[in-house]
Amino acid sequence: VEKEALLKLYEATNGNQWTVKWDLTKPVNTWHGVVVQEEKVVEINLAGNNLVGVLPAVLVELTSLQVLDLHKNQITGGIPLGIGDLKKLRILKLSFNKLSGSIPESVCGLKNLQKIELFMNRLSGNLPEQVGNLKRLEVFSVYNNELIGQIPSSLYALKSLKILLLNSNRFTGGLSSEVGNLTALENLSLFDNMLVGEVPLTIEKMNNLKEMNISYNRFEGL
């Protein structure tokens, strides 16, 4: 089943034009970017490998997958709606592609997720309301997309979050005083959005903050 899922990925992303191709006559554990443990695929790293096409829905059958890194390719279409079935996923990197549509709500069921990088795509719609369920999340990077709406209140409950990059989207509304709960945060980037209201004084509680950019918004007050 897992080999079939990989073959579908190969076909759907024009595998015969990849920079480093798979030799389909050899065992799966010899294929470029694929890590197999105990007969299960646990990692796919095909960053910068000229994948052109869409992500097949069957990808979610790789239920032991911990790392999916497809950064810097030319993948179009949407993120598979069933991505929440990849319960062991720790790292999801789909950045620097041409993905469109919204971020599936099922992502919020990935309790082991530590890193989400979806920046430099054409994603639209709101951030999933239940993003706060990702208690282990350390990196949330969705900059340079077409995301809209308010920052979900549940996001402020992510105590492990170290990097939050929401810049260059179309977020509206205010920045909640609950942002002060993000005490592990080291980098906060909100610039180039349409955020309004005052900048909460609770930012003073964020003792680990090293970098913050909130320019190009509509903040006012003190």
Side-chain angles (χ1 to χ4, degrees), residues 1-13 15 18-24 26-51 53-73 75 77-97 99 103-121 123 127-128 130-142 154-155 157-165 184 186-187:
V1 170
E2 300 211 345
K3 184 176 182 180
E4 282 299 315
L6 291 175
L7 289 172
K8 285 282 196 299
L9 174 65
Y10 194 76
E11 292 167 10
T13 56
W18 287 4
T19 305
V20 182
K21 303 172 185 63
W22 288 343
D23 185 342
L24 305 182
K26 292 186 176 179
V28 171
N29 61 3
T30 66
W31 294 359
H32 169 71
V34 177
V35 179
V36 177
Q37 291 177 359
E38 299 176 1
E39 300 295 310
K40 296 289 187 181
V41 178
V42 296
E43 180 173 339
I44 299 174
N45 185 341
L46 296 170
N49 202 41
N50 196 39
L51 276 67
V54 299
L55 295 179
V58 73
L59 200 63
V60 305
E61 293 185 8
L62 300 171
T63 51
S64 297
L65 201 62
Q66 298 176 30
V67 178
L68 179 59
D69 186 351
L70 303 177
H71 167 76
K72 202 171 185 182
N73 283 290
I75 300 169
I79 300 170
L81 295 178
I83 197 162
D85 291 341
L86 301 178
K87 299 297 184 187
K88 296 185 179 179
L89 204 62
R90 294 183 294 105
I91 296 172
L92 177 62
K93 294 185 178 182
L94 302 176
S95 44
F96 224 117
N97 279 285
L99 292 166
I103 300 171
E105 287 187 15
S106 67
V107 165
C108 301
L110 300 173
K111 300 292 175 67
N112 293 306
L113 213 51
Q114 297 169 358
K115 185 178 289 188
I116 302 178
E117 295 185 356
L118 304 176
F119 59 85
M120 301 288 285
N121 276 293
L123 296 169
L127 289 180
Q130 303 304 318
V131 68
N133 291 346
L134 303 174
K135 302 298 184 188
R136 297 184 180 180
L137 199 63
E138 296 179 4
V139 177
F140 189 50
S141 180
V142 295
S154 71
L155 187 144
L158 296 175
K159 303 279 189 179
S160 299
L161 204 59
K162 295 179 180 178
I163 297 174
L164 178 60
L165 308 180
E186 298 173 5
N187 188 345

Which residue pairs pass the side chain to side chain donor-acceptor pair (under 3.5 Å) test with at least one member in residues 104-118, sequence neighbours excluded? N112-R136
Is it true that, when you exclude K40 itself, more than 12 heavy atoms of the residues, nucleotides or ligands shown sit nearer than 6.0 Å to its NZ? no
Distance from L24 atom CG to T30 atom OG1, nearest 0.5 Å? 9.5 Å
With the side chain counted from C-beta on, respond yes when V35 and N45 share a heavy-atom pair under 4.5 Å apart, and no when they do not. no
With a 4.5 Å limit on heavy-atom distance, are the side chains of V34 and V28 in contact? yes
Residues two or more places apart in sequence or in another chain: which of them pass side-chain contact (heavy atoms from CB on, under 4.5 Å) with E38? none
Partners of Y10 by ring-ring contact (aromatic ring centres under 6.0 Å, His included), sequence neighbours excluded? W18, W22
Just wondering, do L46 and L9 contact through their side chains at under 4.5 Å, heavy atoms? yes
With sequence neighbours excluded, residues passing side-chain contact (heavy atoms from CB on, under 4.5 Å) with L94: L55, L68, L70, I79, L92, L99, L118
Separation between NZ (K159) and CG (L161), nearest 0.5 Å, reads 12.0 Å
Would you give the length of the straight line joining atom NZ of K3 to atom CG of L62, rounded to the nearest 0.5 angstrom? 13.5 Å
If I take atom CG from residue L127 and atom CD1 from residue I103, how far apart are they, to the nearest 0.5 angstrom? 5.5 Å
In this structure, are over 12 heavy atoms from other groups packed under 6.0 Å from F140 atom CZ? yes
Taking the side chain from E61 and the backbone from A5, do they hold a donor-acceptor pair closer than 3.5 Å? no
Euclidean distance, I44 CD1 relative to I91 CD1, rounded to 0.5 Å: 13.5 Å
Least distance between heavy atoms, S154 atom then G132 atom: OG-N, 3.0 Å
Nearest-0.5 Å distance, CD of residue E186 to CG of residue L164: 12.5 Å
Quick one: list whatever passes side-chain contact (heavy atoms from CB on, under 4.5 Å) with L81, sequence neighbours left out. P104
May I ask you to test the I116-L110 pair for a side-chain heavy-atom distance under 4.5 Å? no
Residue pairs passing the side chain to side chain donor-acceptor pair (under 3.5 Å) test where at least one lies in residues 87-96, sequence neighbours excluded: Q66-R90, H71-S95
Apply side chain to side chain contact (heavy atoms under 4.5 Å, CB included) to the pair N97 and L51, showing each step before the final yes or no. CA-CA 9 Å; N97 279 285; L51 276 67; over 6 Å; no
Is there a donor-acceptor pair closer than 3.5 Å between any side-chain N or O of N73 and the backbone N or O of N49? yes
Least distance between heavy atoms, L65 atom then L86 atom: CD2-CD1, 4.3 Å
What pair of heavy atoms forms the shortest contact from K135 to S160, and how long is it? O-OG, 3.3 Å
